[in-house]
Each structure stands twice: as C-alpha cells, then as structure tokens.
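A short write-up of the structure that comes next.
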Amino acid sequence: MRLDSLLDVLADEIGDLRSAEEQLIVALPKVAAAAHSDELRAALENHLEETRGHLQRLQDLTPTLGTTVPMETCEGMKGLLEEGEQIVAAQGDPLAKDAALIGAAQRVEHYEIAAYGTARTLADELGLDDTKEVLDQTLDEEATADKLLTKIATGGMFRSGINREAAARS
Ligand SMILES: [Fe+2]
C-alpha cells in the first residue's frame, strides 16, 4: 500500500468499509436468526436493510472520488464477526445469549462509527462535500442502530429475565 495524500487515505478507508459492509451483510441474517427477543431480531433485521444501503452508498461514491479504491478485506470486521459467530453458536440461557449478541453487535457498530468518522472527516478536509454528506448519513444510521441496541439492552427485559432464571437455579 502507498499513501501519498489524504485522498489515498480516504480511498483506503472506503475500500476497507466496503469490505466491512459486505461481510456484515452476510453475517447479520445469522445473528438476527439467533436472537431470542423479537425486539432484538427486528432491530438486527432492520439494520441489515440499512447495511445494504450503506454498501450501495459506498459503491455509488467510489467513481466520484477521482482515484482508485483498493480491493481489500477488512480484517477488523472479520475478527469481530468471528467472535460474533461464537456467540451465535453458544448454548445456554436465551436472554444471556441475547445480551451477548447485543455486545457483539455494538462492537461492530462502534468499529463502523470510528471508520465512518475518519472517512467523513477526510472527505471534509478534502472539500468533497457530497462524499462527506453521504458518509454522514451512514454515520448517523450506525449511531442510531447503536443507541437502539443500548435501549433494548437496558429496557429491563434482560435484567428481570436473567435474574429470574438465576433465582430458579439457586
Ligand atoms: Fe453500516
């Protein structure tokens, strides 16, 4: 890899994000199917639709950059999704598993928020206003998805459910 300019860095970030979104589109249906809570499953399925839109936005902005976007594999997302697969395959209490799925999904969201935050700032510095705007739209949706996961996790459902199970076991 050669990085000679901020535009090279932006192109690299876009290539990395494209791979990240592609991997997430493959993984999210499995994560959603593993969710016990209807609310969590619906949130994950909704984010799958949004994620398809995120990939489309990256594909649409690529030809407007005026440089080549490298083909790459986002190793960070790959690692996060491998960890997520372990939770999908886990046995045990369904509510505990949902809590773990939320944790894994939020790691993914925070990773994307970091990457989109960098990319939109680079686009802003480069005066690529349209690109910045598109990246901001996705960044907002990632942040909203993250907040919704927190809301589901702290809605009281898990706490009461897990504690009830624990009391039944003791
Ligand atoms: Fe996304």
Side-chain angles (χ1 to χ4, degrees), residues 1 6-35 37-65 67-88 97-126 128-155:
M1 183 191 346
L6 285 186
L7 185 58
D8 288 348
V9 181
L10 176 60
D12 181 62
E13 292 281 355
I14 300 289
D16 199 68
L17 275 166
R18 186 175 57 197
S19 165
E21 300 286 19
E22 283 170 352
Q23 291 181 57
L24 195 50
I25 287 167
V26 175
L28 266 176
K30 289 180 268 182
V31 181
S37 145
D38 291 340
E39 193 184 12
L40 177 57
R41 194 177 330 103
L44 292 168
E45 283 170 353
N46 181 58
H47 196 56
L48 171 62
E49 282 314 305
E50 284 181 337
T51 300
R52 290 197 176 103
H54 299 170
L55 178 61
Q56 189 61 52
R57 283 182 191 142
L58 293 172
Q59 286 167 341
D60 290 347
L61 71 80
T62 294
T64 71
L65 286 177
T67 188
T68 308
V69 170
M71 294 298 295
E72 49 188 289
T73 300
C74 178
E75 298 292 344
M77 182 62 81
K78 203 173 157 191
L80 290 173
L81 294 177
E82 279 168 9
E83 289 191 353
E85 273 174 28
Q86 292 175 15
I87 297 166
V88 166
K97 190 167 160 174
D98 274 6
L101 287 175
I102 288 177
Q106 287 196 290
R107 281 180 189 229
V108 166
E109 289 313 313
H110 283 235
Y111 183 85
E112 290 193 290
I113 287 166
Y116 276 105
T118 300
R120 57 83 59 206
T121 301
L122 288 167
D124 195 28
E125 288 294 317
L126 288 160
L128 298 169
D129 296 344
D130 292 348
T131 301
K132 178 198 159 272
E133 207 169 295
V134 166
L135 293 169
D136 271 337
Q137 282 174 23
T138 300
L139 184 57
D140 282 350
E141 288 172 10
E142 307 290 16
T144 301
D146 179 52
K147 284 194 198 100
L148 178 59
L149 289 168
T150 297
K151 203 172 144 225
I152 293 170
T154 58

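Throughout, residue positions are numbered sequentially from 1 according to the sequence presented. For ligands, and for the atoms within them, numbers begin at 1 and follow the listed sequence. Just so we're clear, the structure is a prediction, and the values are computed from it rather than from any experiment.
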Sequence neighbours excluded, every pair satisfying ring-ring contact (aromatic ring centres under 6.0 Å, His included) that has a member inside residues 43-64: H47-H54
N, O or S from E141 under 2.8 Å to the Fe ion (ligand 1): no
Locate the shortest heavy-atom distance separating T64 from T131; write the atom from each residue and the value. OG1-OG1, 4.1 Å
Consider only side-chain N and O atoms of T138 and E142, and report whether a donor and an acceptor are under 3.5 Å apart. no
Nearest to the Fe ion (ligand 1), which N, O or S atom of E142 do we find? OE2
Between the Fe ion (ligand 1) and H54, which N, O or S atom of the residue is the nearest one? ND1
T51: what forms a side-chain hydrogen bond (donor to acceptor under 3.5 Å, both in side chains) with it, not counting sequence neighbours? none
